[in-house]
S.K.: 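Dropping a structure here in structure tokens format, bear with me for questions.
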Amino acid sequence: MTPRFEDRAVTLPELLASRDARQARQTAWLQRHGVTLISFTVVAPGPVKDCDLTRRIFSHGLLALDALATRAGWPVKARASFAFVTGPEALIAINAPAPAVKQATISLEQTHPLGRLWDIDVLTPHGEILSRQQFSLPPRTCLICSRPAALCVREQTHTLAQLLAHMEARLNDAEHATHA
Ligand SMILES: [Zn+2]
């Protein structure tokens with residue numbers, strides 16, 4: 001991962017291409033490693049996806065995912081992170097049952113102070129993405145209020161500045177708590 005970040009608005013074609021590229025990478029990793037795959041990105045509202053804020057949120061997530069695998073005794077076969085203009089991404093091939101990994105990452109997203117800012121997908125060795133619904137979880141709530149996130153996005157309840165300020169505050173709180 002390069003230390004410098006792009007800090008510029010991404011275009012819609014770039015965003016669409018990044019989704020296709022991520023899917024292709026996931027497929028290649030599943031074929032190569034034949035085990036459960038964690039695909040990790042961060043929540044990045046607004047047009048700038050690679051910036052100091054998202055990189056820091058991403059680093060905390062990587063540490064938490066490594067700690068999770070270590071704690072559970074799950075062997076990590078391969079891991080890689082990528083710094084794209086469309087946002088930081090990581091892939092972790094982990095030799096453990098996909099439902100158990102999904103359960104653990106859900107609990108991480110719910111209990112870690114920064115968990116709400118992470119998007120952790122878990123794919124089975126056959127490439128099926130395990131969804132929150134399959135684990136009887138409601139859709140994610142908004143970053144700021146307690147309504148479903150999709151509702152606030154659709155109605156544009158909060159400005160981008162409010163969302164980013166909220167993320168920055170949450171990150172600073174978490175880093176302060178870690179170092180205290
Ligand atoms: Zn809201």
Side-chain angles (χ1 to χ4, degrees), residues 5-23 26 38-65 67-68 81-92 98-99 101-123 128-180:
F5 36 85
E6 297 252 8
D7 220 354
R8 70 160 169 90
V10 299
T11 63
L12 185 59
E14 280 176 325
L15 211 54
L16 296 176
S18 83
R19 283 180 200 165
D20 289 345
R22 182 158 63 242
Q23 268 184 18
Q26 289 171 349
I38 294 177
S39 181
F40 171 50
T41 57
V42 299
V43 172
V48 177
K49 311 286 187 194
D50 181 32
C51 55
D52 179 60
L53 181 67
T54 54
R55 290 269 185 112
R56 279 156 68 205
I57 291 168
F58 179 77
S59 303
H60 286 285
L62 268 191
L63 285 176
L65 286 169
L68 180 152
S81 23
F82 312 92
F84 297 124
V85 66
T86 47
E89 296 183 17
L91 286 177
I92 303 171
V101 174
K102 182 64 183 177
Q103 201 69 255
T105 60
I106 286 171
S107 130
L108 195 61
E109 283 176 338
Q110 287 179 333
T111 56
H112 193 285
L114 297 176
R116 180 59 189 81
L117 306 181
W118 300 334
D119 270 334
I120 307 171
D121 281 338
V122 175
L123 290 84
E128 184 202 354
I129 296 188
L130 301 181
S131 70
R132 293 171 64 81
Q133 290 92 318
Q134 285 169 291
F135 289 76
S136 310
L137 282 171
R140 286 186 125 181
T141 54
C142 170
L143 284 180
I144 294 181
C145 65
S146 54
R147 304 198 308 161
L151 204 60
C152 286
V153 170
R154 194 165 63 232
E155 297 177 2
Q156 303 192 327
T157 312
H158 319 285
T159 64
L160 179 58
Q162 284 172 332
L163 288 166
L164 293 176
H166 186 89
M167 289 167 69
E168 185 81 51
R170 204 183 273 221
L171 181 58
N172 288 335
D173 282 354
E175 289 184 339
H176 194 77
T178 311
H179 299 145

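When a ligand or atom number is given, it counts from 1 through the structure's own listing order.
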S.K.: What heavy-atom pair brings L151 and R147 nearest, and what distance separates the two atoms?
M.R.: CD2-NH1, 3.6 Å

S.K.: If only side-chain N and O atoms count, and only distance matters, is there a donor-acceptor pair under 3.5 Å linking T41 with R22?
M.R.: no

S.K.: Compare every heavy atom of V48 with every heavy atom of A9, then report the nearest pair and how far apart it is.
M.R.: N-CG2, 3.9 Å

S.K.: Hey, could you give me the CD1/CG distance between I57 and D52, rounded to the nearest 0.5 Å?
M.R.: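 One finds 9.5 Å between CD1 of I57 and CG of D52.
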
S.K.: Give every protein N, O or S atom lying under 2.8 Å from the Zn ion (ligand 1), naming each by residue and atom.
M.R.: C142 SG, C145 SG, C152 SG, H158 NE2

S.K.: Less than 4.0 Å between a side-chain N and a carboxylate O, is that true for K49 and E14?
M.R.: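 Here E14 does not pair with K49 in a salt bridge, since their nearest N and O are not under 4.0 Å apart.
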
S.K.: Run the salt bridge (Lys or Arg N to Asp or Glu O under 4.0 Å) check on K102 and E109 step by step: do they pass?
M.R.: CA-CA 10 Å; K102 182 64 183 177; E109 283 176 338; 5.4 Å; no

